[in-house]
Amino acid sequence: MQIHQINLDRLKEFETPFYYYDMELLHRTLAAAKVAADKRGFHIHYALKANFNDRILQAIQSLGFGADCVSGNEVQKSLDMGFPAGQITFAGVGKSDKEIKLALKEQIFAFNVESIEELQVIDTLAGELGERANVSLRINPNVDAHTHHYITTGLDENKFGVPNSELEQAASVLRECQHVDLVGLHFHVGSQITDMNVFKSLCVKVNEWKNWFEERGTQIKILNVGGGLGVDYHHPDTQPMPDFEAYFDVFDKFLERNGQQEVHFELGRALVAQAGSLVSRVLYSKSGVKKNFLILDAGMTELMRPALYQAFHKIERLGSHADAEELNYDVVGPICESSDCFGKEVPLPVSKRGDLIAIRTAGAYGEVMASRYNLREEIRYVYSDAFQLV
Ligand SMILES: *Cc1c(COP(=O)(O)O)cnc(C)c1O
């Protein structure tokens, strides 16, 4: 149920701040993604790092998505939530021995390997444990995602992936590895990408590298093109879902694959972002000489994206009337950091202590990034099915 549809008095009964999850929208989004992917024979592994709230994972798992993990604990969490080991991938530039061993013992589907040294470590550990490891080699496609530099990952100077200059060596190391099978190539250009041309450029690179390997006699079973599909942070109500059809269509059109080749995706944000809002209460309103401030009981400890990468989130007062007088507010949190600000000069109805504020499109990289800085309370969350319609 959409947050505006909820009786304000009911909502006010909950201790703030909390994450509100619109489970109906989540289900609709997952279903739309699934239909669009299935139609083209594509596989989606959900990137757990975007949100690993139990109910959200349950919903994703029950639809048959795989899991894309970036830590041993995420691998364990996926298993605990019922994702089959054969549908779990493990990525990340800094996998520890302990994490690699866990993944080997659990016989997950594949490791996305990010360096030659990691390849050798996985080979050694697999040998010690008497296991075999499937690996996909992460290749830096050198495609500019035209997104914030903190969330661009596919350029040569990034820490992610095997540099192109080392692929020749990686291919020869792979031939020497006794306990490792190369199953795929992995690419991920960045996050919050809304320009489909970026994905088109990615396809061109994937084709090039696939051919490069095949010319060297190495067959590639899986083309893993990562995630990164963006959402509309400015229009959560009119654009509650990304255009999955248009997104998958790009890959269907521009990716060259033979009959046996599978195409895997690792979507995170696109599946969960719009389903979450952070609900907070106004503690104080303050008028400076030039500025008005709204001080909330939520801060960067509950939602870090604005402080971390100047991310925009739509901010609304709940229970607003269209004709209410508006003021421009700097909406800030209680944390002792100047960057603890959700938005500057945000037009909002004149607000007062006790009013509820919703910070929208917070379902991805929100709850998962919550911290205890300032010894803040554990993050709280409620699900839409706990409410009745107004
Ligand atoms: C973070 C990440 C994803 C998910 O990214 P979204 O932008 O949330 O879709 C997928 N693959 C890799 C390798 C990642 O690091």
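Side-chain atoms are counted along with the backbone in the values below, which use heavy atoms only and exclude waters and symmetry mates. Counting starts at 1 for both ligands and their atoms, following the listed order.
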- Message: Please verify the inter-ring angle class for F312 with H234; under 30° counts as parallel, over 60° as perpendicular, anything in between as tilted.
- Response: parallel
- How are the rings of F42 and F248 set to each other: parallel, tilted or perpendicular (split at 30° and 60°)? tilted
Can you see whether [Y] has [X] sitting over its ring - NZ or CZ less than 6.0 Å from the centre and within 45° of the normal?
{"X": "K95", "Y": "F90", "answer": "yes"}
{"X": "R55", "Y": "Y383", "answer": "yes"}
{"X": "R353", "Y": "Y284", "answer": "yes"}

Counting each atom of ligand 1 from 1 as listed, which ones have a heavy atom of [X] under 4.0 Å away?
{"X": "Y365", "value": "1 (C), 4 (C), 5 (O), 6 (P), 8 (O)"}
{"X": "G268", "value": "6 (P), 8 (O), 9 (O)"}
{"X": "A47", "value": "3 (C), 4 (C)"}
{"X": "E266", "value": "3 (C), 4 (C), 9 (O), 10 (C), 11 (N), 12 (C), 13 (C)"}
{"X": "D68", "value": "10 (C), 11 (N)"}

- Tightest non-hydrogen contact, residues L278 and E302, listed as CD2-CB, 4.0 Å
- Contact (N/O only, under 3.5 Å) between A91 and ligand 1: no
- Task: Determine whether any heavy atom of G228 lies closer than 4.0 Å to an atom of ligand 1.
- Result: yes
- Verify the ring-centre separation between Y20 and Y381: is it less than 6.0 angstrom? no
- May I ask which of K49, R269, H186 has a heavy atom nearer to atom 2 (C) of ligand 1 than the others do? K49
- Message: Among G92, G190, S191, which one puts a heavy atom closest to atom 7 (O) of ligand 1?
- Response: S191
